[in-house]
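For clarity, every value in this text was computed on a predicted model and none was experimentally measured.
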Amino acid sequence: MSVKKGSTPRDDVLQGELDDAIFAASFGKLIRNDGPTIYRDPDQFFRNTHPTAALAKLCRDVFGRLTSTTEAGAILRLSTGFGGGKTHALMTLWHLAKAAVESHRDRAGEVHVS
């Protein structure tokens, strides 16, 4: 099967409404809750994000370090060139961390926070 036959473009692409600005992702805008909805809204963001093995590993590594009681800190170097997914990876981590904090707040009455 060819890529053309096996792929169905999103409605915005089919209708000619694709905004080129979405290709210029800005982590700064995301944390200020600014910029295109496709980056700000976690549901839209994850609907349009393919969870590659490398992205999943990065998430496991980062959150593993953050939740470790034995790690004092760490630096993870993302060594990719332009268009390699560094900003997208940061946005993924931001949305996951924000969801974890919101989930914790929802359960705060049930969980002892030290």
Side-chain angles (χ1 to χ4, degrees):
M1 177 182 294
S2 71
V3 171
K4 187 174 180 179
K5 287 184 180 181
S7 301
T8 304
R10 297 187 323 246
D11 288 339
D12 58 342
V13 174
L14 291 172
Q15 295 168 5
E17 297 173 358
L18 182 63
D19 182 2
D20 290 342
I22 68 167
F23 297 109
S26 168
F27 185 66
K29 286 185 177 182
L30 172 65
I31 63 175
R32 290 190 307 270
N33 199 30
D34 191 15
T37 305
I38 197 167
Y39 295 123
R40 285 184 291 118
D41 177 46
D43 292 330
Q44 278 193 42
F45 179 80
F46 286 114
R47 267 197 311 271
N48 289 285
T49 298
H50 177 73
T52 64
L55 182 59
K57 181 183 181 320
L58 175 67
C59 292
R60 283 191 305 274
D61 290 349
V62 167
F63 289 105
R65 295 281 181 124
L66 290 172
T67 59
S68 173
T69 58
T70 59
E71 287 286 336
I75 295 173
L76 297 174
R77 183 171 182 244
L78 303 177
S79 57
T80 63
F82 180 77
K86 295 176 296 292
T87 301
H88 205 86
L90 287 172
M91 290 178 160
T92 299
L93 293 167
W94 170 264
H95 282 301
L96 292 174
K98 193 172 176 186
V101 167
E102 290 169 1
S103 174
H104 180 72
R105 283 187 187 141
D106 290 344
R107 297 183 324 236
E110 305 167 17
V111 177
H112 174 71
V113 179
S114 54

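- To the nearest 0.5 Å, atom CZ of residue R40 and atom CD1 of residue I31 are 14.0 Å apart.
- For the atom pair OG1 of T92 and CG of L58, the computed distance is 8.5 Å after rounding to the nearest 0.5 Å.
- A pairwise comparison of heavy atoms in A25 and M91 identifies CB-CE, 3.7 Å as the closest pair.
- At a threshold of 4.5 Å between non-hydrogen side-chain atoms, the residues L30 and L90 do not count as touching.
- Using the six-membered ring where Trp is involved, F45 and H95 have ring planes that are tilted, between 30° and 60° apart.
- Here the closest heavy-atom approach between residue C59 and residue L96 is recorded as SG-CD1, 3.7 Å.
- To the nearest 0.5 Å, atom OG1 of residue T52 and atom NZ of residue K57 are 11.5 Å apart.
- The minimum heavy-atom distance between H50 and L55, with the atom names listed, is O-CD2, 4.1 Å.
- Within the 3.5 Å criterion, the main-chain N or O of T37 finds no donor-acceptor partner in the side chain of D41.
- Between the CD1 atom of I38 and the CG atom of D43 there is a distance of 12.5 Å, given to the nearest 0.5 Å.
- Summarising the geometry, atom CZ belonging to R32 is positioned 11.0 Å from atom CZ belonging to F27; distances are rounded to the nearest 0.5 Å.
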